[in-house]
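Report on the following structure.
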Amino acid sequence: MATKVGEPLPSSFYARDALVVARALIGKFVRHGPVIVRITETEAYRGPSDSAAHARFGITPRTQTLFGPVGHAYVYLCYGLHSMLNVVTTGDGSAVLIRAGEPVAGLALIQRRRGAQRGPAILAGPGKLAQGLGLGRDHDGLPLSGQSVISVHDALPPAGLLVGPRVGIDYAAPKHVRAPWRFALAGTKAVSRPQTLRPEGRGTSGREH
DNA sequence: AACACGATGGACT
DNA sequence: GTCCATCGTGTTA
């Protein structure tokens with residue numbers, strides 16, 4: 001994937017293990033219309049064998065895009081209120097949840113969508129991110145290509161990463177997988193649960209679980 | 001047809 | 001820290 005900074009990512013970018021894609025997405029840009037957001041936090045969900053993933057139910061009306069074309073958006077409604085933006089990876093039910101971001105363009109529109117919210121944490125959370133981007137259930141299944149209304153664009157590699165357990169559902173992480181399932185950009189305030197993240201490489205610190 | 005509950009966020013003690 | 005809005009989904013009957 002010899003992609004230049006600012007170019008839309010090719011589908012080959014997404015056709016890898018969700019853990020790899022989740023890590024690679026940190027620092028990249030998501031665009032919906034005039035709004036552009038830098039991705040600061042992601043979380044991997046790895047197919048039917050992942051007991052926390054929606055794919056554990058197999059192909060259902062809701063999860064069919066999860067088993068569809070690589071590099072498409074999987075958007076679903078959580079708690080009856082919040083939309084969650086995911087990127088379909090290998091097509092076997094795996095996906096990456098985009099959990100947080102920083103506004104890059106379209107700040108006024110983002111603020112209007114987010115109500116009274118202001119400041120660096122305005123998109124710190126999966127529901128906040130989707131709301132700021134103006135995404136909902138009707139965007140489910142759309143491609144993330146340069147031709148689409150939604151797209152993801154390449155960026156320079158981030159200086160440092162934080163890693164940690166998934167939020168709310170660590171109970172289900174396959175124990176034999178040593179790698180972390182959640183990734184964040186080091187040094188940003190746009191992260192949903194900083195206290196469970198640690199710098200990559202160093203020993204465990206902070207609260208796991 | 002009824003039911004329990006969630007990959008959350010905001011308000012409040 | 002606690003409470004709860006709000007509804008699509010999968011499960012069970």
Side-chain angles (χ1 to χ4, degrees), chain A residues 14 17-23 25-26 30 37 39-68 72-90 92-103 110-141 144 162-175 177 179-184 189-197 206-209:
Chain A
Y14 305 102
D17 188 287
L19 290 168
V20 174
V21 177
R23 173 188 299 269
L25 278 172
I26 297 298
V30 202
V37 168
I39 298 171
T40 57
E41 186 184 347
T42 61
E43 204 165 72
Y45 289 85
R46 207 202 228 169
S49 62
D50 180 352
S51 55
H54 288 177
R56 70 185 183 278
F57 302 117
I59 300 176
T60 68
R62 177 175 63 162
T63 63
Q64 56 181 357
T65 69
L66 217 37
F67 294 87
H72 285 220
Y74 170 57
V75 184
Y76 74 95
L77 190 64
C78 185
Y79 288 96
L81 292 154
H82 311 294
S83 295
M84 304 278 141
L85 171 64
N86 298 252
V87 176
V88 174
T89 60
T90 39
D92 64 341
S94 296
V96 173
L97 172 66
I98 313 297
R99 289 194 56 92
E102 310 174 321
I110 292 172
Q111 289 177 331
R112 202 178 319 146
R113 287 170 173 159
R114 291 284 300 124
Q117 289 288 333
R118 295 291 184 276
I122 191 171
L123 301 176
K128 300 175 183 178
L129 180 99
Q131 186 180 35
L133 278 168
L135 297 176
R137 196 82 178 86
D138 44 330
H139 297 93
D140 180 49
L144 297 173
L162 306 177
V163 299
R166 293 188 289 194
V167 176
I169 36 79
D170 190 46
Y171 61 88
K175 293 293 188 280
V177 178
W181 293 75
R182 182 168 159 244
F183 303 89
K189 289 180 180 171
V191 175
S192 60
R193 270 164 186 76
Q195 65 278 21
T196 62
L197 293 167
R207 300 161 37 73
E208 308 269 319
H209 245 82

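What you see is a predicted model, and the numbers here were worked out from it, not measured in a lab. Reminder, nothing fancy here: chain letters follow the sequence lines and each chain counts from 1.
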Check nucleotides 4-7 of chain C for protein N or O atoms closer than 3.5 Å to its own N or O atoms and list the pairs.
{"unit_1": "C:dT6", "atom_1": "O2", "unit_2": "A:Y79", "atom_2": "O", "d": "2.4"}

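- Residue A:L97 contributes atom CG, which lies 13 Å from atom C1' of B:dG6 at whole-angstrom precision.
- Distance, A:D140 CG to C:dG8 P: 14 Å, rounded to whole Å.
- Of the listed residues (A:T90, A:V87, A:V96), just one forms a side-chain contact (heavy atoms from CB on, under 4.5 Å) with A:Y14, and that residue is A:V87.
- Residues in residues 112-126 of chain A take part in no salt bridge (Lys or Arg N to Asp or Glu O under 4.0 Å) pair, two or more places apart or across chains.
- Counting to the nearest Å, the P atom of B:dT8 and the CG atom of A:L85 are 14 Å from each other.
- Between A:R56 atom CZ and B:dA7 atom C1' there is a gap of 10 Å when expressed in whole angstrom units.
- At distances below 3.5 Å, at least one donor-acceptor pair connects side-chain atoms of A:T63 with backbone N or O atoms of A:G58.
- The distance from the CD1 atom of A:I98 to the CD1 atom of A:I39 is 4.5 Å, given to the nearest 0.5 Å.
- Residues A:H54 and A:N86 have side chains not in contact (no heavy-atom distance under 4.5 Å, counting atoms from C-beta outward).
- Once rounded to the nearest 0.5 Å, the distance linking OH of A:Y74 with CZ of A:R62 reads 4.5 Å.
- The pair A:E43-A:R166 fails the salt-bridge criterion, with no side-chain N (NZ, NE, NH1 or NH2) lying under 4.0 Å from an Asp/Glu carboxylate O.
- Rounding to whole angstrom units, OH of residue A:Y76 and P of B:dC5 are separated by 17 Å.
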Nucleotide N/O of nucleotides 10-13 of chain B paired with protein N/O under 3.5 Å:
{"unit_1": "B:dG10", "atom_1": "OP1", "unit_2": "A:R114", "atom_2": "NH1", "d": "2.9"}
{"unit_1": "B:dG10", "atom_1": "OP1", "unit_2": "A:R114", "atom_2": "NH2", "d": "3.0"}

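- Using a distance-only test at 3.5 Å, with no hydrogens or angles considered, no donor-acceptor pair links the side chain of A:S192 to the main chain of A:G125.
- No donor-acceptor distance shorter than 3.5 angstrom exists from the side chain of A:D50 to the backbone of A:Y45, with no hydrogens or angles considered.
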Mind listing the N/O atom pairs, protein and nucleotides 9-13 of chain C, below 3.5 Å?
{"unit_1": "C:dT9", "atom_1": "OP1", "unit_2": "A:R137", "atom_2": "NH2", "d": "2.6"}
{"unit_1": "C:dG10", "atom_1": "OP1", "unit_2": "A:T60", "atom_2": "OG1", "d": "2.4"}

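- Taking atom C1' on both B:dA4 and C:dC4, the two are 16 Å apart, rounded to the nearest angstrom.
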Output a table of donor-acceptor pairs, distance under 3.5 Å, between side-chain atoms of residues 75-83 of chain A and any protein atom two or more places apart or on a different chain; print 'none' if there are none.
none

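- Side-chain atoms of A:R56 come within 3.5 Å of backbone N or O of A:A53 as a donor-acceptor pair.
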How does DNA chain C look in dot-bracket notation if pairs are Watson-Crick or G-U with both distances under 3.5 Å, crossing ones as [ ], other-strand ones as |? |||||.||||||.
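- Between A:L25 atom CG and A:T40 atom OG1 the span is 11.5 Å, to the nearest 0.5 Å.
- Partner of A:E41 under the salt bridge (Lys or Arg N to Asp or Glu O under 4.0 Å) criterion, chosen from A:K128, A:R182, A:R193: A:R182.
- One interatomic measurement links the two molecules: CE of A:M84 to C1' of B:dA7, which rounds to 7 Å at whole-angstrom precision.
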